[in-house]
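Quick caveat, the model's predicted, so the values are computed rather than measured.
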Amino acid sequence: MNERRYVAATGALAALGAGIAGYLTFLHYTDGRIACPTGGCETVQSSSYAELLGVPVALLGLVAYAAILAALAWPREAGRWLALSAAVAGTLFSAYLILVQAYEIGAFCLWCLASDGVVTAIAALAFLRVRAADRHAGAAR
């Protein structure tokens with residue numbers, strides 16, 4: 001895969017993740033009812049874990065996706081590493097939140113799990129993008 005395709009795929013996934021996080025952020029601030037086929041989404045979104053230091057976790061996700069999108073516009077090497085760093089941080093935080101859902105809340109938010117999958121896919125793409133660039137640079141030497 002070339003650089004342009006990595007950027008396009010990452011951008012599409014980050015836009016999808018931003019849509020999910022934006023939806024959850026909107027519902028948080030409007031007290032809207034979440035569209036969810038199970039009761040898990042409401043349970044998770046109304047738990048004390050839905051905020052971190054008074055900031056909705058969904059808003060943190062939205063900021064992370066925006067940072068990834070912004071990184072795609074940065075100069076290539078810096079942008080690659082910024083996108084990878086943000087995606088890995090997001091993936092680690094997602095893993096923590098999945099454990100919280102499983103062991104503390106006892107319910108799962110399907111929207112949250114979808115976002116977790118998206119950020120993990122972005123991390124994988126970002127890693128492959130950095131590795132491909134490093135290989136390309138090594139071959140050019």
Side-chain angles (χ1 to χ4, degrees), residues 1-38 40-141:
M1 191 182 300
N2 65 27
E3 178 77 10
R4 177 178 280 173
R5 288 187 182 183
Y6 280 120
V7 169
T10 302
L13 285 171
L16 174 62
I20 294 168
Y23 170 69
L24 294 175
T25 300
F26 174 79
L27 291 178
H28 175 86
Y29 285 115
T30 62
D31 292 323
R33 184 169 169 84
I34 192 167
C36 186
T38 68
C41 299
E42 287 288 340
T43 302
V44 170
Q45 294 302 317
S46 64
S47 77
S48 62
Y49 294 98
E51 290 186 354
L52 181 64
L53 302 173
V55 178
V57 169
L59 180 58
L60 297 174
L62 184 58
V63 169
Y65 287 119
I68 292 166
L69 285 167
L72 298 177
W74 281 33
R76 290 200 174 160
E77 186 170 352
R80 281 187 211 100
W81 284 103
L82 179 59
L84 178 59
S85 299
V88 167
T91 299
L92 293 173
F93 191 60
S94 290
Y96 161 74
L97 292 173
I98 289 170
L99 292 173
V100 165
Q101 289 176 78
Y103 296 107
E104 295 294 324
I105 301 172
F108 290 96
C109 170
L110 298 179
W111 290 99
C112 303
L113 294 175
S115 179
D116 298 339
V118 169
V119 76
T120 302
I122 291 171
L125 274 175
F127 172 76
L128 292 172
R129 181 179 173 214
V130 166
R131 192 176 85 176
D134 285 347
R135 283 186 177 170
H136 180 72
R141 289 181 207 159

Asker: Mind checking the OH-CG spacing from Y65 to L16? Nearest 0.5 Å is all I need.
Answerer: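 Separation between the atoms: 7.5 Å.
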Asker: What are the two closest non-hydrogen atoms of A35 and Y23, and how far apart are they?
Answerer: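 Nearest heavy atoms, A35 then Y23: N-OH, 2.9 Å.
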Asker: Counting C-beta onward and ignoring hydrogens, is there a side-chain heavy-atom pair between H28 and L59 closer than 4.5 Å?
Answerer: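 H28 vs L59: side chains apart.
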Asker: Which pair of heavy atoms, one from Q101 and one from L113, lies closest together, and at what distance?
Answerer: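 That closest heavy-atom pairing would be NE2-CD2, 4.4 Å.
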Asker: Once you round to the nearest 0.5 Å, how far does CZ of R76 lie from CZ of R129?
Answerer: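 R76 atom CZ to R129 atom CZ measures 8.0 Å (nearest 0.5 Å).
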Asker: Identify the two heavy atoms, one from R33 and one from L27, that lie closest to each other, and give their separation to 0.1 Å.
Answerer: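 Scanning both residues completely, I find the closest heavy atoms to be O-CD2, 4.1 Å.
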Asker: Assess the cysteine pair C36 / C41: is their SG-SG separation shorter than 2.5 Å?
Answerer: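 The answer is yes, since C41 and C36 bring their SG atoms under 2.5 Å apart.
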Asker: Counting only heavy atoms not in Y103, do more than 12 fall under 6.0 Å of its OH?
Answerer: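 12 or below, so no.
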Asker: Just wondering, do L52 and F93 contact through their side chains at under 4.5 Å, heavy atoms?
Answerer: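 Touching, per the 4.5 Å side-chain cut-off.
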Asker: Below 4.5 Å, heavy atoms only, C-beta onward: do I105 and S47 meet side chain to side chain?
Answerer: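 Of all side-chain heavy-atom pairs linking S47 with I105, at least one is under 4.5 Å.
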Asker: To the nearest 0.5 Å, what is the distance between CG on L110 and OG on S115?
Answerer: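 Atom-to-atom, L110:CG and S115:OG are 12.5 Å apart.
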Asker: Starting at OG1 of T91, measure out to CG of L84 and round the result to the nearest 0.5 Å.
Answerer: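 Spacing of OG1 (T91) from CG (L84) equals 9.5 Å.
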Asker: Less than 4.5 Å apart, side chain to side chain, heavy atoms only: is that true for C112 and L97?
Answerer: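 When only atoms from C-beta onward are counted, L97 and C112 do not touch, as no gap falls below 4.5 Å.
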Asker: Does E77 have more than 12 heavy atoms from other residues, nucleotides or ligands lying within 6.0 Å of its CD?
Answerer: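 Count not over threshold, so no.
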Asker: Answer yes or no: is there a side-chain heavy-atom contact under 4.5 Å between V44 and F108?
Answerer: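 In short, these two side chains do not touch, never coming nearer than 4.5 Å.
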Asker: To the closest 0.5 Å, what do you measure between CG (L69) and OG1 (T10)?
Answerer: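 Answer rounded to 0.5 Å: 9.5 Å.
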Asker: First locate atom CG of L60, then atom CG of L53, and finally report the distance between them rounded to the nearest 0.5 Å.
Answerer: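 So the gap between those two atoms works out to 9.0 Å.
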Asker: At their closest point, which heavy atom of A87 faces which heavy atom of V119, and how far apart are they?
Answerer: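 For A87 and V119, the tightest heavy-atom pair comes out as O-CG2, 3.9 Å.
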Asker: I68 and A83: which non-hydrogen atoms are nearest, and at how many Å?
Answerer: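 Here I68 and A83 meet closest at CG1-O, 4.3 Å.
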Asker: Considering non-hydrogen atoms only, spot the tightest contact between E104 and Y49 and give its length.
Answerer: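 Looks like OE1-OH, 3.4 Å.
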Asker: With distance as the sole test, does E42 use its side chain to make a donor-acceptor pair with the main-chain N or O of I34 at under 3.5 Å?
Answerer: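 Confirmed, E42 side chain pairs with I34 backbone.
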